[in-house]
Amino acid sequence: MNKNMKTGLFIGSFDPFTIGHDAVVRRALPLFDRIVIGVGVNERKKYMYSSDVRVKSIAELYAAESRIEVKAYNDLAVEFAHREGAWFIIKGVRSIKDFEYEREQADINRQIGGIDTILFYAEPRMESISSTMIRELIHFGKDVSEFLPMKK
């Protein structure tokens, strides 16, 4: 890895990865030489999809974009960022609730790891889309394809 590269770290559980997540990645890409999409693995959390499935599906989505890598991680975001040579965490926010949560996380990440956070506000048409909502729709057998990104 080139130490002069600007690396951004886009982290989340991505269970599943939505068109809102994809929009954040595509908007952030011009700012960085490299983006690592970090798929969080928390042993205390129950996921619909395994980390292997989540990593594989996201990696397939960006297979044609050499500046994007997808990796699972199960430690603190700042530790993962340091291993990847990233000094910026990329996050998307849909609401004031998201903003307050991300602000607190950003403060801690800066204090304990020297990592800054860049926020991207959701496009209005995507403000209501969440992985939780999509999992609920899947549970009730609804078609969610309009909320999931398609390989380009």
Side-chain angles (χ1 to χ4, degrees), residues 1-43 45 47-95 98-99 101-103 105-110 112-135 137-138 143-152:
M1 176 178 19
N2 180 342
K3 292 200 183 265
N4 294 322
M5 290 181 89
K6 283 185 290 187
T7 299
L9 185 65
F10 184 45
I11 55 172
S13 58
F14 306 125
D15 186 36
F17 194 81
T18 70
I19 59 173
H21 297 130
D22 180 55
V24 170
V25 170
R26 295 189 189 280
R27 289 168 60 199
L29 198 53
L31 301 176
F32 297 98
D33 300 312
R34 173 177 170 254
I35 291 180
V36 176
I37 299 174
V39 176
V41 179
N42 181 339
E43 301 303 324
K45 192 172 178 181
Y47 297 103
M48 179 174 274
Y49 301 104
S50 71
S51 61
D52 290 342
V53 167
R54 290 179 282 150
V55 167
K56 183 179 181 216
S57 66
I58 299 167
E60 287 173 357
L61 180 65
Y62 298 109
E65 178 51 73
S66 63
R67 297 179 297 156
I68 297 175
E69 298 173 35
V70 185
K71 300 178 179 184
Y73 75 102
N74 62 1
D75 54 350
L76 290 175
V78 294
E79 293 169 350
F80 182 47
H82 289 157
R83 279 196 312 278
E84 293 299 322
W87 292 101
F88 300 96
I89 291 176
I90 302 162
K91 296 297 286 193
V93 294
R94 295 167 296 147
S95 66
D98 284 354
F99 176 81
Y101 175 79
E102 296 302 344
R103 183 188 58 76
Q105 293 298 305
D107 288 347
I108 294 299
N109 290 336
R110 191 173 41 259
I112 68 171
I115 305 293
D116 273 313
T117 300
I118 298 174
L119 299 178
F120 285 86
Y121 293 97
E123 297 170 42
R125 67 183 179 87
M126 296 184 197
E127 287 177 343
S128 297
I129 299 170
S130 71
S131 295
T132 302
M133 181 265 305
I134 291 173
R135 287 193 307 272
L137 292 172
I138 290 170
D143 178 14
V144 296
S145 57
E146 69 181 288
F147 305 116
L148 302 176
M150 296 298 185
K151 191 174 176 184
K152 302 205 182 217

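Throughout, numbering of the chain's residues begins at 1 and tracks the sequence.
- No donor-acceptor pair closer than 3.5 Å links the side chain of Tyr121 to the backbone N or O of Ser95.
- A salt bridge does not link Asp52 to Lys56: none of the charged nitrogens lies less than 4.0 Å from a carboxylate oxygen.
- Note on Lys91 versus Glu102: salt bridge recorded, some NZ/NE/NH1/NH2 to OD/OE distance being below 4.0 Å.
- Within the 4.5 Å cutoff, side-chain heavy atoms of Glu69 are placed close to those of Lys71.
- The side-chain heavy atoms of Ile115 and His82, taken from C-beta on, include a pair separated by under 4.5 Å.
- Between the CG atom in Asp22 and the CZ atom in Arg27 there is a gap of 11.5 Å [rounded to 0.5 Å].
- A salt bridge is absent between Arg83 and Glu79: the closest approach of a Lys/Arg side-chain nitrogen to an acidic carboxylate oxygen does not fall below 4.0 angstrom.
- Put simply, the side chain of Val55 does not reach to within 4.5 Å of the side chain of Phe14, judged on heavy atoms.
- Residues Val36 and Phe10 are not in side-chain contact: their nearest non-hydrogen atoms beyond the backbone lie 4.5 Å or more apart.
- With respect to the salt-bridge test (charged N to carboxylate O, under 4.0 angstrom), the residues Arg125 and Glu127 do not qualify.
- The residues Arg67 and Asp33 are annotated as not salt-bridged, no charged nitrogen and carboxylate oxygen being separated by less than 4.0 angstrom.
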Take Ile19 and Ile129 through the side chain to side chain contact (heavy atoms under 4.5 Å, CB included) test and state the conclusion after the steps. CA-CA 8 Å; Ile19 59 173; Ile129 299 170; 3.6 Å; yes
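- For the residue pair Thr132 / Arg135, a side-chain donor-acceptor distance below 3.5 Å is found, with atom types taken as modelled.
- Screening Ser131, Pro16, Pro149 for a side-chain contact (heavy atoms from CB on, under 4.5 Å) with His21, the sole residue that qualifies is Ser131.
- Of the possible donor and acceptor atoms, none in the side chain of Arg54 sits under 3.5 Å from a partner among the backbone N and O of Ala72.
- Asp143 and Ser145 share a side-chain donor-acceptor pair at under 3.5 Å.
- Checking side-chain atoms of Asp15 against main-chain N and O of Met48 turns up a donor-acceptor pair under 3.5 Å.
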The test is salt bridge (Lys or Arg N to Asp or Glu O under 4.0 Å); show your working for Glu43 and Lys45 and say whether it passes. CA-CA 6 Å; Glu43 301 303 324; Lys45 192 172 178 181; over 6 Å; no
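- The side-chain heavy atoms of Asn109 and Ile89, taken from C-beta on, include a pair separated by under 4.5 Å.
- The backbone N or O of Met5 sits nowhere less than 3.5 Å from a side-chain atom of Arg34 that would complete a donor-acceptor pair.
- Classification of the Phe17-Tyr62 ring pair by plane angle, with boundaries at 30° and 60°, yields perpendicular.
- The closest donor-acceptor contact from the side chain of Thr18 to the backbone of Phe147 lies at 3.5 Å or more, if one exists at all.
- The only member of Val39, Ile11, Val41 that meets side-chain contact (heavy atoms from CB on, under 4.5 Å) when paired with Tyr73 is Ile11.
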